[in-house]
Every structure is written in structure tokens, then in C-alpha cells.
Amino acid sequence: QVQLVESGGGLVQPGGSLRLSCAPSGSIFSINVMGWYRQAPGKERELVATITPGGSTNYADSVKGRFTISIDNVKRTTFLQMNSLKPEDTAAYYCCAVLRLGIAQPYATFWGQGTQVTVSS
């Protein structure tokens with residue numbers, strides 16, 4: 001079964017930057033949308049950003065102007081560039097994608113394993 005593979009998390013100081021990446025582990029037919037959720041301890045999961053293959057994006061108000069989502073349509077990889085990081089950004093970040101695995105298959109939702117982002121001095 002296709003899985004989403006994430007990388008790029010780590011520990012950074014406030015004001016620092018990280019770039020997350022996410023890509024399917026196997027072949028897929030098409031992408032409807034890819035994006036990122038995050039969940040901090042004691043808080044609800046929230047949508048961070050989404051992007052379509054055509055480049056349409058949406059961002060949570062809390063990250064606008066600081067985070068940039070992008071997509072490589074050849075590698076089928078989405079990236080989340082995170083700048084000016086704040087302690088409030090500390091969370092487990094989960095990649096999510098709505099994909100078709102074959103021409104005769106419907107779209108389905110897939111999730112990554114999560115990558116930890118910690119912003120602390």
C-alpha cells in the first residue's frame with residue numbers, strides 16, 4: 001500500500017527555519033491535493049497549509065507570511081518551508097494527501113507518519 005514518507009523535522013531556536021518534505025512511497029496516478037496538519041500536546045489537530053498540483057494554496061492564519069507550501073509535480077513531493085519559527089509552532093506535523101492510485105480507482109486520503117518540530121531556546 002502507498003504510504004506518505006515525511007522528513008525534515010528537528011529542534012530549532014525561535015526565529016529559525018526548517019523545511020519539511022513529503023512524498024508517496026510508491027506509484028500513484030494523480031494528486032487532488034496535498035497538505036500539512038499539526039498537533040501539539042494538549043491541543044486539537046489543525047490544518048496548516050494545502051496545495052494543489054496547479055499551485056493553489058491555503059494557509060492557516062497563524063502561519064501566513066512565515067510558511068510557504070510548494071509542490072514538485074515530477075517527484076510528487078510537497079514541501080513546507082517554515083521561517084521565523086515560534087515556540088507556538090512546536091508540534092508533530094503530519095502530511096496528508098488525497099490521491100488516486102490508478103485510473104480506475106477513486107480518490108482516497110493518505111497520511112504520513114508525522115515528523116516532530118520543536119522550537120525552543
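Both backbone and side-chain heavy atoms feed into the values below; hydrogens, waters and symmetry mates do not. Throughout, residue positions are numbered sequentially from 1 according to the sequence presented. Worth saying up front: this structure is predicted, and the values here are computed from it rather than measured.
Nearest approach of Arg76 to Phe29, heavy atoms of both residues: NH2-O, 4.1 Å. Of all non-hydrogen atoms in Arg45 and Gln39, the two that sit nearest each other are N-NE2, 3.8 Å. Nearest heavy atom pair, residue Val74 against residue Asp72, reads N-OD1, 2.9 Å. Ser25 approaches Val5 most closely through the heavy-atom pair CB-CG2, 4.0 Å. Nearest heavy atom pair, residue Leu101 against residue Val2, reads CD2-CG2, 3.8 Å. Of all the heavy atoms in Ile69 and Met34, the pair that sits closest is CD1-O, 4.1 Å.
The CH2 atom of Trp36 lies 12.0 Å from the CD1 atom of Ile51; values are rounded to the nearest 0.5 Å. To the nearest 0.5 Å, atoms CD1 (Ile28) and CD (Gln105) are separated by 11.5 Å. Distance check: Ser62 OG to Phe67 CZ gives 7.5 Å after rounding to the nearest 0.5 Å. Note that CG of Leu85 is 6.5 Å distant from CZ of Arg66, once rounded to the nearest 0.5 Å. Interatomic distance, Tyr107 OH to Ile31 CD1, rounded to the nearest 0.5 Å: 9.0 Å.
Note on Ile71 and Val33: separate hydrophobic clusters, where clusters join Ile, Leu, Val, Met, Phe, Trp and Tyr whose side-chain heavy atoms are under 4.5 Å apart, directly or indirectly. Both Val63 and Val117 belong to a common hydrophobic cluster when Ile, Leu, Val, Met, Phe, Trp and Tyr are linked at side-chain heavy-atom distances under 4.5 angstrom. Leu20 and Tyr94 fall into different hydrophobic clusters, defined by Ile, Leu, Val, Met, Phe, Trp and Tyr side-chain heavy atoms under 4.5 Å apart, directly or through other members. Cluster annotation: Leu18 is connected to Val119 through the hydrophobic network of ILVMFWY side chains, with a link wherever side-chain heavy atoms come within less than 4.5 Å.
A donor-acceptor pair under 3.5 Å is formed between the side chain of Gln113 and the backbone N or O of Glu6. Proximity of a side-chain donor or acceptor of Ser21 to a complementary backbone N or O of Phe79 within less than 3.5 Å is not detected.
Using a cut-off of 4.0 Å between Lys/Arg side-chain N and Asp/Glu carboxylate O, Asp89 and Lys86 are scored as not salt-bridged.
Contact of the Pro24 side chain with the Leu4 side chain is registered, since non-hydrogen atoms from C-beta on lie closer than 4.5 Å. Considering only heavy atoms from C-beta on, Gln116 stays 4.5 Å or farther from Leu11 through its side chain.
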Can you check side chain to side chain contact (heavy atoms under 4.5 Å, CB included) on Glu46 and Arg38, steps first, answer last?
CA-CA 6 Å; Glu46 65 173 340; Arg38 67 184 182 186; 2.6 Å; yes
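A side chain to side chain contact (heavy atoms under 4.5 Å, CB included) with Asn32 is found for one member of Leu99, Val98, Thr109 and no other, namely Val98.
For Gln3, the CD atom counts as loosely surrounded, since its 6.0 Å shell holds 12 or fewer non-hydrogen atoms of other residues, nucleotides or ligands.
For residues 25-80, no residue pair satisfies the disulfide (SG to SG under 2.5 Å) rule, not counting sequence neighbours.
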